[in-house]
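Computation of the quantities below employed the complete heavy-atom set of this structure, encompassing side-chain atoms and omitting hydrogens, waters and symmetry-equivalent molecules. The model shown is predicted, which means the values in this text are computed figures rather than measured ones.
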Amino acid sequence: FLPEYVRSGEGNRMLGLFKKKMAPDGPVDFTTEMQIEASPLKVYSHLDWSSEDHTYRALGEHVETIDSARGFYRMHIAAMPGYQFDFAVTDADPGKSYGYVSETHPIMGRLVDMQSRYELVSLNDGTSCLVKSHGTARFIDGLTQHQLDEEISRMSLACHNSLAKLKIHAEYGIEAVRNATMASVQRVRVES
């Protein structure tokens, strides 16, 4: 009663065409760079979780020091109740580099954790710098290629936006960051 292509196994091969393509498990790297018209030390202060001038602290988000000697910090964002963002500093060389590992609890989306490192290269006798951002993201295992592509797209945009926010803060001040964030939120609401 079965058609010949099913009895011969051809049907099984045809059904395999519709299987979801799985993505390889493992970390994904992101690299972004941007020139900022501010000194490396000023930019560093906006990255350093212990600094009162850190961008999120300056925006009024609640950043608490869990263990300053070991470089552990926790942030709660008012617009995201129920989430906490934990940071462990891995590299702190004032004016030169800054790095940390971050986790969100509970996990947000498919991101398990992110290792971020910023290298600050002095330009123009120290009046500006090139900021090189390198991130390594780990996502949950078992993603389809389509899901991983979505995450890579989101993370690429987030890495770029993070540097853009850092640039705006260093060059124009925290009010400009607030205004840019508000304009972005309003545009999303209008376009939705």
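We find the CD-CG distance between Gln115 and Asp29 to be 10.0 Å, quoted to the nearest 0.5 Å. We find the CE-SG distance between Met34 and Cys159 to be 11.0 Å, quoted to the nearest 0.5 Å. Distance check: Arg178 CZ to Ile168 CD1 gives 13.0 Å after rounding to the nearest 0.5 Å. Here the straight-line distance linking atom CG of Asp91 with atom CG of Asp93 works out to 6.5 Å at 0.5 Å rounding. From Leu130, atom CG reaches atom CD1 of Ile36 across 8.5 Å, with rounding to the nearest 0.5 Å. Of the inter-residue distances, the one linking Asp113 atom CG with Arg138 atom CZ reads 4.0 Å to the nearest 0.5 angstrom.
Taking the six-membered ring for Trp and thresholds of 30 and 60 degrees, Trp49 and Tyr56 have nearly parallel ring planes, at less than 30 degrees apart.
Nearest heavy atoms, Leu143 versus Arg110: CD2-CD, 3.4 Å. The minimum heavy-atom distance between Phe72 and Ala88, with the atom names listed, is CE2-CB, 3.4 Å. Closest heavy-atom contact between Lys42 and Ala38: CD-CB, 4.0 Å. Across all their heavy atoms, Pro40 and Gly126 have their closest contact at CD-O, 3.6 Å. Shortest non-hydrogen contact noted between Val89 and Tyr100 is CA-CB, 3.9 Å.
Hydrophobic clustering of Ile, Leu, Val, Met, Phe, Trp and Tyr side chains at less than 4.5 Å, counting indirect connections, unites Met108 with Ile77. Connection of Leu111 to Tyr83 is not established within any shared hydrophobic cluster, with ILVMFWY side chains joined at heavy-atom distances below 4.5 Å, either directly or through further cluster members. No continuous path of hydrophobic side-chain contacts links Leu120 to Phe30 [ILVMFWY only; heavy atoms under 4.5 Å]. No single ILVMFWY cluster, assembled from side-chain heavy atoms under 4.5 Å apart, contains both Leu166 and Met114. A single hydrophobic cluster is not seen to contain both Leu123 and Leu41; linkage of ILVMFWY side chains at heavy-atom distances under 4.5 Å, directly or through other members, places them apart.
Judged by distance alone, the side chains of Asn124 and Ser128 do bring a donor and an acceptor atom under 3.5 Å apart. In summary, the side chains of Asp125 and Thr127 do not present any donor paired with an acceptor at a separation below 3.5 Å, with no hydrogens or angles considered. Between the side chains of Glu175 and Asn179, no donor N or O sits under 3.5 Å from an acceptor N or O. Residues Gln35 and Glu37 bring a donor and an acceptor atom of their side chains to less than 3.5 Å of each other. Gln84 and Asp86 form a side-chain donor-acceptor contact under 3.5 Å, judged by distance and modelled atom types alone. Side-chain contact, Thr32 with His160: no donor N or O sits under 3.5 Å from an acceptor N or O.
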Verdict with supporting geometry, Ser50 and Asp48, side chain to side chain donor-acceptor pair (under 3.5 Å): CA-CA 5 Å; Ser50 68; Asp48 181 4; 2.9 Å; yes

Worked check of ring pair (Phe, Tyr, Trp, His ring centres under 6.0 Å) between Tyr98 and Tyr118: CA-CA 5 Å; Tyr98 195 76; Tyr118 298 87; 7.7 Å; no

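Between Thr90 and Arg117, every side-chain heavy-atom pair lies at or beyond the 4.5 Å cut-off. Counting only heavy atoms from C-beta outward, the side chains of Ile174 and Thr55 approach each other to under 4.5 Å. Taking 4.5 Å as the limit, some side-chain heavy atom of Gln145 sits within range of a side-chain heavy atom of Pro24. Residues Arg74 and Phe87 have side chains not in contact (no heavy-atom distance under 4.5 Å, counting atoms from C-beta outward).
For His46 (side chain) and Asp53 (main-chain N/O), a donor-acceptor pair under 3.5 Å exists by modelled atom type. Judged purely by atom type and a 3.5 angstrom limit, Ser162 has no side-chain atom pairing as donor or acceptor with the backbone of Ala158. Not a single donor-acceptor pair under 3.5 Å links the side chain of Thr104 to the backbone N or O of Ile107. Formation of a donor-acceptor pair under 3.5 Å by the Gln147 side chain with backbone atoms of Thr144 is found in this model. Side chain of Thr65 to main chain of Asp67: no donor-acceptor pair is present (N/O by atom type, distance under 3.5 Å, no hydrogens or angles).
When the salt bridge (Lys or Arg N to Asp or Glu O under 4.0 Å) test is applied to Glu61, no partner is found at least two apart in sequence or on another chain.
Remark: Arg57 engages Glu52 in a salt bridge, criterion side-chain N to carboxylate O under 4.0 Å.
The environment of NE2 in His146 is sparse: at most 12 heavy-atom neighbours from other residues, nucleotides or ligands sit within 6.0 Å.
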